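Okay, structure first, notes after.
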Amino acid sequence: MGALPLSFLHIFLRPCALVRPSAALVRSTVLELAILAGHLLVYPTGMAQERRPPPVPVPVPPPAPAAPAATAAAPVPAVPTVPAASAPPAGHAPVLLLHGFIDNRSVFVLLRRSLRRHGWQQVWSLNYSPLTCDLRTAAAMLGRHVEEVCARTGRQRVDMVGHSLGGLIARYYVQRLGGDARVRTLVTLGTPHGGTRVAPLMSAHPLVRQMRPDSDVIAELGEPAPHCATHFISFWSDLDQIMVPVETAAIDHPDLISRNVRVSGVGHLALPVHPEVAAGIRQALTSDEAETGATGAASVA
C-alpha cells in the first residue's frame with residue numbers, strides 16, 4: 001500500500017499496536033511518522049510521469065571498401081566480411097522502480113540517488129494511476145513500459161524494485177504475463193505476496209480487495225509457474241504494520257527462484273528509504289544468491 005495518511009491511520013486503530021507497545025515498535029512508529037511527513041512534502045514532485053530516456057543510437061557499419069581495378073593477373077577471391085557480434089551494453093542492467101498504493105515515484109527519491117551513486121546509470125520509475133481498478137491492467141501497462149525501456153536502452157532484460165502493491169503488480173507481470181523473459185531480478189519491499197488483512201474499511205477500493213488473502217489475484221499467483229526464470233528477492237519487516245500478518249510479505253512458492261530477507265526495526269514506509277535496506281537492494285541486484293532459494297536475514301534496528 002502507499003504512503004498517504006489514509007493507509008497509515010490503521011496503526012493507531014489496531015489494538016495490538018496500542019497494548020504494551022515495545023520500544024522497537026515505538027521507535028519504528030515515530031520513524032514512520034517522520035518519513036510520512038517528509039514524503040508528503042515531496043509527493044507533488046512525483047505526480048507527473050517521468051520523462052522517457054532518449055533511444056540508444058543504432059551504430060552504422062562503415063561502408064564496404066571499393067573493389068580493386070581489374071588487372072591482367074588472376075583475380076584474388078575476396079574474403080567475406082563477418083559482422084562482429086554486438087556486445088551487450090556494459091554496466092548494470094536498467095532498474096525500474098514501481099511505487100505502492102496511492103503513492104507515486106517520489107517515494108524512491110533516496111533509493112534512486114543511492115543506486116546512481118553506486119554505478120547504476122539507468123534508473124527509472126513508472127507511475128500508475130490511483131484510479132486504476134485492476135492490478136492486471138497495471139501489470140499490462142508495466143509490460144509495455146518494459147518493452148519501451150529495452151528498446152531505448154538496447155538491453156534485453158531489466159531489474160525491478162517494487163514497494164508494497166508495486167511489487168505485487170511487478171510479480172503478476174513476471175509470473176502471469178510472461179515478463180520473466182524481460183525481468184532478470186525482481187526485488188519487493190513490503191509486498192503482500194500472500195495478501196494482507198489490514199484496514200478492512202479500505203476494501204471499497206478494487207485494488208485493496210485484490211490484495212486480500214482470498215482474492216483472485218493472490219490465487220492466480222499461487223498457481224504453478226515451473227518455467228519462471230526471474231529471481232525474486234523479498235524484503236519483509238517484522239514491524240510492518242501494513243502487512244497482516246507480517247510474514248505475508250515473504251514469498252512462498254515452490255516454483256519460484258526466491259530469497260526472503262527479514263528486516264528488523266523499521267516499518268512499511270521506511271523500507272524504500274532506509275540506507276541499510278538500500279544497501280541490501282544493491283547487493284541483491286549484483287549477486288546470484290537468489291539462485292540458491294535460501295532465506296536470509298538483515299537487521300537495521
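Numbers here simply count residues along the sequence, with the first being 1. Keep in mind it's a predicted model, so treat the numbers as computed, not measured.
Taken from CD in Gln241 to OG in Ser28, the straight-line distance is 7.0 Å, to the nearest 0.5 Å. We find the CD1-CE distance between Ile102 and Met202 to be 5.0 Å, quoted to the nearest 0.5 Å. Between atom OG of residue Ser203 and atom CZ of residue Arg209 there is a gap of 7.5 Å, rounded to the nearest 0.5 Å. Atom CZ of Arg182 sits about 13.5 Å away from atom CG of Asp159, to the nearest 0.5 Å. Here the NE2 atom belonging to His205 is positioned 8.5 Å from the CE atom belonging to Met211, to the nearest 0.5 angstrom. Atoms CH2 and CG, on Trp120 and Leu111 in that order, are 10.0 Å from each other to the nearest 0.5 Å.
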Would Leu239 and Val266 count as a side chain to side chain contact (heavy atoms under 4.5 Å, CB included) if you check the C-alpha gap in whole Å, the side-chain angles of each, and the deciding distance to 0.1 Å? CA-CA 6 Å; Leu239 294 180; Val266 301; over 6 Å; no
Do Arg155 and Gln122 pass the side chain to side chain contact (heavy atoms under 4.5 Å, CB included) test, and can you show the C-alpha distance, the side-chain angles, and the key distance before you say yes or no? CA-CA 11 Å; Arg155 295 280 189 162; Gln122 300 171 329; 4.1 Å; yes
Apply the test side chain to side chain contact (heavy atoms under 4.5 Å, CB included) to residues Val273 and Val109: give CA-CA distance (whole Å), side-chain angles for both, the deciding distance (0.1 Å), then the verdict. CA-CA 8 Å; Val273 302; Val109 61; over 6 Å; no
Could you go through Phe235 and Ile233, starting from their C-alpha distance and side-chain angles, then the distance that decides it, and tell me whether this counts as side chain to side chain contact (heavy atoms under 4.5 Å, CB included)? CA-CA 7 Å; Phe235 287 79; Ile233 297 120; 3.7 Å; yes
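Side-chain polar atoms of Arg112 and Ser125 form a donor-acceptor pair below 3.5 angstrom. In summary, the side chains of His193 and Thr188 do present a donor paired with an acceptor at a separation below 3.5 Å, with no hydrogens or angles considered. Asp103 and His163 share no donor-acceptor pair across their side chains, judged by distance under 3.5 Å alone. Remark: the His268 side chain and the Asp240 side chain contain an N/O donor-acceptor pair separated by less than 3.5 Å.
No donor-acceptor pair closer than 3.5 Å links the side chain of Thr185 to the backbone N or O of Leu285. Looking only at distances, a side-chain donor or acceptor of Thr286 sits under 3.5 Å from a matching main-chain atom of Gln283. Side chain of Gln210 to backbone of Asp134: no donor-acceptor contact under 3.5 angstrom is found. Side-chain atoms of Asn127 never come within 3.5 Å of backbone atoms of Asn104 as a donor-acceptor pair (strictly under, hydrogens ignored). Between the Thr29 side chain and the Leu25 main chain, a donor and an acceptor come within less than 3.5 Å of each other. When atom types are taken as modelled, the side chain of Asp180 and the backbone of Ala229 share a donor-acceptor pair closer than 3.5 angstrom. Side-chain atoms of Ser234 come within 3.5 Å of backbone N or O of Ala249 as a donor-acceptor pair.
Contact check for Gln121 versus His92: no side-chain heavy atoms found under the 4.5 Å cut-off. Considering only heavy atoms from C-beta on, Tyr128 comes within 4.5 Å of Leu98 through its side chain. Residues Arg282 and Ser114 meet the side-chain proximity criterion, which asks for heavy atoms closer than 4.5 Å. No side-chain heavy atom of Gln175 sits less than 4.5 Å from a side-chain heavy atom of Glu220. In this structure, the side chains of Leu168 and Leu221 come closer than 4.5 Å at one or more pairs of heavy atoms. By the 4.5 Å heavy-atom criterion applied to side chains, Val263 and Trp236 are not counted as neighbours. Between Leu97 and Val123, the closest side-chain pair of non-hydrogen atoms falls below 4.5 Å. Side-chain contact between His39 and Ser106: present, with at least one pair of heavy atoms (C-beta onward) separated by less than 4.5 Å.
Residues Leu126 and Met141 come closest through the heavy atom pair CD2-CE, 4.2 Å. Nearest heavy atoms, Leu189 versus Pro272: CD1-CA, 3.9 Å. Heavy-atom minimum distance, Ile257 versus Cys228: CD1-O, 4.3 Å. Residues Ala270 and Leu31 come closest through the heavy atom pair CB-CD2, 4.2 Å. Closest approach of Ala170 to Leu142, counting heavy atoms only: CA-CD2, 3.7 Å. Between Val146 and Val158, the shortest heavy-atom contact is CG1-CG2, 4.1 Å.
Cluster annotation: Val30 and Val277 are assigned to distinct hydrophobic clusters (Ile/Leu/Val/Met/Phe/Trp/Tyr, side-chain heavy-atom contacts under 4.5 Å, transitive). Hydrophobic clustering (side-chain heavy atoms under 4.5 Å, transitive across Ile, Leu, Val, Met, Phe, Trp, Tyr) groups Leu40 together with Leu110.
Counted within 6.0 Å of CZ on Arg197, heavy atoms from surrounding residues, nucleotides or ligands total 12 or fewer; the atom is thus considered open. Within a 6.0 Å sphere centred on CZ of Arg116, heavy atoms belonging to other residues, nucleotides or ligands number more than 12. Residue-environment remark: CG (Asp252) stays at or below the threshold of 12 foreign heavy atoms within 6.0 Å.
Between His253 and Phe232, the ring centre distance reaches or exceeds 6.0 Å.
With salt bridges taken as basic N to acidic carboxylate O contacts below 4.0 Å, one links Arg152 and Glu148. Taking 4.0 Å as the cut-off between side-chain N and carboxylate O, Asp214 and Arg212 do not count as a salt-bridged pair.
With Met160 as the fixed residue, the side-chain contact (heavy atoms from CB on, under 4.5 Å) test singles out one of Thr230, Val183, Val187: Val183.
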